2 protein chains.
Amino acid sequence: MTAMPASQTKLGRPREFDSDYALEQAMRVFWAKGYEGASLTDLTEAMGITRSSMYAAFGNKDELFRRAVERYTEGPASYGIRALSEPTAREVAESILRGAAAASTSREAPHGCLGVQAALSAGDNGLTAQKVLVDWRQDGAARLESRFLRARAEGDLPETEDPRTLAAYITTVAYGIAVQAATGRSEAELLRVADVAMNAVTWSHG
Amino acid sequence: MTAMPASQTKLGRPREFDSDYALEQAMRVFWAKGYEGASLTDLTEAMGITRSSMYAAFGNKDELFRRAVERYTEGPASYGIRALSEPTAREVAESILRGAAAASTSREAPHGCLGVQAALSAGDNGLTAQKVLVDWRQDGAARLESRFLRARAEGDLPETEDPRTLAAYITTVAYGIAVQAATGRSEAELLRVADVAMNAVTWSHG
DNA sequence: GTACTTCCGTACCGATCGGTCCTGAAGTGA
DNA sequence: TCACTTCAGGACCGATCGGTACGGAAGTAC
């Protein structure tokens with residue numbers, strides 16, 4: 001219904017607003033105010049469109065949030081995906097922690113991590129959004145676990161390290177860094193925290 | 001007006017409900033649903049009192065939240081204060097991390113940490129609550145920093161360790177553990193994470 | 001031009017939000 | 001008993017919530 005295949009013949013009046021820009025703005029509002037704290041008025045004003053246009057283009061608030069999270073993953077949180085392709089387990093972990101510190105304290109975006117703070121807890125109306133983010137965090141941890149599993153198979157991580165626990169540890173620190181950023185800590189401080197955190201693990205290299 | 005000194009002569013009809021119990025229930029609702037997600041209806045139903053009684057006893061939603069956070073500090077989060085009186089820096093840190101893992105995964109309470117998840121981000125109506133929790137987290141970190149400062153002075157922590165960074169690291173892991181608990185991780189997993197985290201620091205003892 | 005489709009803006013929907021007010025009952029001290 | 005105070009309950013407040021209906025304007029395909 002909403003997102004038709006682009007191959008279809010375009011009929012009628014074409015959309016006047018930039019859908020990507022609108023989604024970007026919605027993402028920022030959710031990031032700053034959380035799912036429940038972001039009202040339709042907040043969202044549409046930031047997106048520069050009316051309620052009608054938003055509902056026609058994205059369906060409803062839940063779907064808009066889902067799309068915003070996707071965009072967040074591909075945009076501000078893309079350091080996470082890039083980190084997975086670092087050559088060694090140590091560099092993967094370091095990229096994630098330093099990336100989290102940087103992304104959570106950017107001056108051009110809300111502090112903290114959308115994936116953590118937008119719906120950590122929720123009332124009845126926010127349960128869908130809460131589940132979206134639980135899945136988002138679980139998925140990220142699972143990818144990291146797979147990466148560490150591969151690293152161990154490649155001899156890149158000592159056999160004594162458990163990939164699941166290690167992935168849980170790194171994501172734990174990353175989430176904590178996001179909370180610290182939302183509490184007001186500076187990037188410099190959080191980079192030092194990331195450095196300390198790296199010492200917890202015996203890496204094969206580095 | 002609201003909270004008169006207890007020394008005053010008691011006049012009129014005495015309160016019929018248990019104020020402590022009511023506050024405990026309110027705390028749990030805020031813990032599970034967050035500040036904005038917890039409606040007055042949710043709160044008063046759990047507390048077993050009417051809106052009138054709540055407003056007479058606690059003032060308004062913001063004040064109720066403030067009191068609930070106080071109770072949280074003295075109750076479910078009391079492990080934090082107790083940890084500060086452990087004899088060595090290592091034991092302080094270990095008590096905090098293990099305490100966080102246990103408190104965040106209790107079967108008799110909502111998962112996660114009220115101080116983290118009840119208002120990490122907020123809309124306009126939740127800004128006061130958000131500030132309460134920012135202060136709460138900053139205060140906790142400051143106390144831990146003081147404790148580590150003392151530990152270093154007592155020769156209980158190597159001179160090479162910076163108390164501020166160390167306190168930031170430990171609280172970061174503790175917050176991360178709370179996020180993981182809200183994501184569904186088990187206590188056993190989080191205890192393993194806590195063990196890993198302890199290896200990041202060179203302690204004088206243990 | 002004409003038929004058709006989708007646009008956008010607005011007015012509006014019922015529900016719920018936090019908070020107030022009023023009333024009658026119930027307990028207090030003298 | 002009496003005056004006084006505070007209780008609990010529920011109706012009610014304006015504002016805002018997410019979401020919908022409608023209608024005129026504006027674009028496209030033929």
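So that the names make sense, note that chain A is the first sequence line, chain B the second, and so on, each numbered from 1. Here the structure is a predicted model, which means the values were calculated and not measured.
If you take CG on Asp162(B) and CG on Leu149(B), they are separated by 9.0 Å, rounding to the nearest 0.5 Å. Rounding to the nearest 0.5 Å gives a distance of 8.0 Å between CG of Leu127(B) and NZ of Lys33(A). With rounding to the nearest 0.5 angstrom, the CD atom of Gln117(B) is 6.0 Å from the CG atom of Leu120(A). Rounded to the nearest 0.5 angstrom, Lys61(B) NZ and Arg66(B) CZ are separated by 14.0 Å.
With rounding to whole Å, Phe58(A) atom CZ is found 16 Å from dT20(D) atom P. Distance Glu16(B) CD to dA25(C) P: 14 Å, rounded to the nearest Å.
Listed by residue number, the members of residues 17-33 of chain B with any heavy atom below 4.0 angstrom from DNA chain D are Phe17(B).
For the pair Arg185(B) and Ala141(A), the tightest heavy-atom approach, listed with the atom from each and the gap, is NH2-CB, 3.3 Å.
We find that Asp156(B) and Arg90(B) are not joined by a salt bridge, their nearest charged nitrogen and carboxylate oxygen being 4.0 Å or further apart.
Residues Asn125(A) and Tyr35(A) have side chains that never bring a donor and an acceptor to within less than 3.5 angstrom of each other.
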Run the salt bridge (charged side-chain N to carboxylate O under 4.0 Å, His left out) check on Glu86(A) and Arg147(A) step by step: do they pass?
CA-CA 10 Å; Glu86(A) 293 283 346; Arg147(A) 179 64 184 83; over 6 Å; no

5' to 3', nucleotides 9-20 of chain C under a 4.0 Å protein heavy-atom cut-off (B base, S sugar-phosphate only, - none) gives BB------SBBB

